[in-house]
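Written out below as structure tokens is the structure these notes cover.
Each chain gets a letter, A, B and so on, in the order the sequences are listed, and its residues count up from 1.
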Protein chains: 2
Amino acid sequence: MTILERLIHHLSKLPGLGKKSASRIAYYLLNADTSYTESLSRDIKELKEKIKPCHICGNYTEENPCSICTDPNRDKSILCIIEQPKDIQAIESSHGFQGLYHVLNGVISPIDGVGPEDLTFLQLFDRLKNEQIQEIIIATNPTVEGETTALYLVRQLQGTHIKITRIALGIPLGGDLEYADSITLARALKGRNEIG
Amino acid sequence: MTILERLIHHLSKLPGLGKKSASRIAYYLLNADTSYTESLSRDIKELKEKIKPCHICGNYTEENPCSICTDPNRDKSILCIIEQPKDIQAIESSHGFQGLYHVLNGVISPIDGVGPEDLTFLQLFDRLKNEQIQEIIIATNPTVEGETTALYLVRQLQGTHIKITRIALGIPLGGDLEYADSITLARALKGRNEIG
């Protein structure tokens with residue numbers, strides 16, 4: 001196997017890439033600036049060496065604790081619970097949240113053999129005990145597993161003073177009622193808000 | 001800029017990738033096996049160091065001349081003219097050609113300031129003089145520039161004993177007459193072959 005064939009083989013394993021797009025990228029790299037390919041190569045190599053989970057929230061970070069946990073301007077009374085570190089990036093780019101995060105590192109999924117003990121609930125309960133958190137926003141995905149995980153958390157926190165909320169589920173902006181699935185539509189109706 | 005942001009920025013410059021798919025790949029790499037990321041990183045770095053154009057045909061190769069030029073089983077009397085080294089891969093995977101190649105490294109394109117002198121025509125004419133080539137197949141793309149380049153080559157070789165052919169242009173297999181553009185359809189009719 002030549003280096004070109006091996007690179008195409010490796011690239012085609014990346015999510016969203018097939019053999020054709022991998023081959024297109026490999027030939028693009030052959031003609032790209034050496035400074036670009038060397039930087040790309042170095043970043044891929046150093047990525048796993050330099051980036052570790054934040055020991056407080058589980059966010060991927062080069063500094064531990066991460067820049068969100070140490071930011072004095074963030075609201076330390078609100079905690080957003082997400083499944084994966086990459087969900088933080090999505091929420092941050094919405095500019096709709098100024099609190100802290102807690103990464104579960106997955107969702108409860110009996111079919112995949114993932115129970116609550118495999119996720120970071122113990123760390124979460126420690127944080128709720130030791131930090132001044134007044135509200136948690138459950139932002140797991142609106143899937144069966146995500147909903148199960150949300151429900152588990154609600155039950156575990158029953159009787160505490162902490163306010164528990166769930167991100168709104170409904171029709172996405174720019175969406176069309178005609179093409180919305182019936183479950184989403186039912187959730188959108190149930191979650192209706194007064195306006196005007 | 002963190003290493004993760006920089007990697008996403010670099011990845012999003014690759015052909016076919018946007019910011020979202022680049023981010024997806026970066027997070028995938030974070031969770032991938034170290035052996036995989038290290039191999040990928042090394043291949044990207046070494047790609048440009050190890051792969052050079054074959055001095056005979058212009059194919060990308062780790063050994064010079066390339067494995068096609070040195071293969072004793074290839075038919076040395078037929079030369080296929082293509083625009084880019086990656087076209088060789090496409091033709092090779094069709095298993096429809098057993099001759100040799102010549103890479104032009106582009107097409108004649110006055111609008112981009114590319115004239116015949118910027119392509120490898122001189123090397124091609126040298127090969128036609130020194131090698132025992134009886135037929136050349138012009139396999140430039142069926143674009144305005146590709147057709148112009150083919151026409152230029154036909155004119156340059158007028159009066160020589162070499163047979164000049166052009167790959168068939170027509171309806172692709174599995175294509176539909178209804179959706180074929182009129183120029184393709186006209187070429188398909190003009191290039192009709194007797195059957196039966």
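- Using a 4.5 Å cut-off between heavy atoms, A/Ala32 touches chain B through its backbone atoms (N, CA, C, O) alone.
- Atom CD of B/Glu131 is surrounded by more than 12 heavy atoms from other residues, nucleotides or ligands within 6.0 Å.
- Note that the CG atom of A/Leu4 and the CD atom of B/Glu46 stand 13.5 Å from one another [nearest 0.5 Å].
- Residues B/Leu151 and B/Ile136 fall into different hydrophobic clusters, defined by Ile, Leu, Val, Met, Phe, Trp and Tyr side chains chained together at heavy-atom separations under 4.5 Å.
- A/Lys76 NZ: more than 12 foreign heavy atoms inside a 6.0 Å radius.
- Summarising the geometry of B/Leu14 relative to A/Tyr36, their closest heavy-atom pair is CD2-OH, 3.4 Å, with the distance given to 0.1 Å.
- In terms of hydrophobic clustering, with Ile, Leu, Val, Met, Phe, Trp and Tyr side chains grouped at heavy-atom distances under 4.5 Å, B/Val107 and B/Tyr101 are assigned to different clusters.
- For chain B, the option among A/Lys45, A/Glu38, A/Glu62, A/His9 with the highest count of heavy-atom pairs below 4.5 Å is A/Glu62.
- Counting heavy-atom pairs closer than 4.5 Å to chain B, the top residue among A/Ser21, A/Ser41, A/Pro85, A/Ser67 is A/Ser41.
- Heavy-atom proximity under 4.5 angstrom to chain A picks out B/Arg24, B/Ile25, B/Ala26, B/Tyr27, B/Tyr28, B/Leu29, B/Leu30, B/Asn31 from residues 24-31 of chain B.
- By the criterion of side-chain heavy atoms lying less than 4.5 angstrom apart, applied directly or through intervening Ile, Leu, Val, Met, Phe, Trp or Tyr residues, B/Tyr60 is not grouped with B/Leu100; the two fall into different hydrophobic clusters.
- When all heavy atoms are compared, the tightest approach of B/Ile3 to A/Lys50 is CD1-CD, 4.5 Å.
- Put simply, A/Leu185 and A/Leu169 are part of two different groups of oily side chains (I, L, V, M, F, W, Y) that touch within less than 4.5 Å, one to the next.
- Counting heavy atoms from C-beta on, the side chains of A/Thr37 and B/Leu47 never come closer than 4.5 Å.
- Hydrophobic clustering of Ile, Leu, Val, Met, Phe, Trp and Tyr side chains at less than 4.5 Å, counting indirect connections, keeps B/Val144 apart from B/Ile138.
- Atom CD of B/Gln132 sits in a sparse spot, with 12 or fewer heavy atoms from other residues, nucleotides or ligands closer than 6.0 Å.
- The part of B/Ser23 that comes within reach of chain A is its side chain, from C-beta onward, which places non-hydrogen atoms under 4.5 angstrom from that chain.
- Remark: B/Ile8 CD1 to A/Asp43 CG distance equals 11.0 Å, nearest 0.5 Å.
- In plain terms, the two heavy atoms of A/Asp33 and B/Lys48 that are nearest each other are C-NZ, 3.9 Å.
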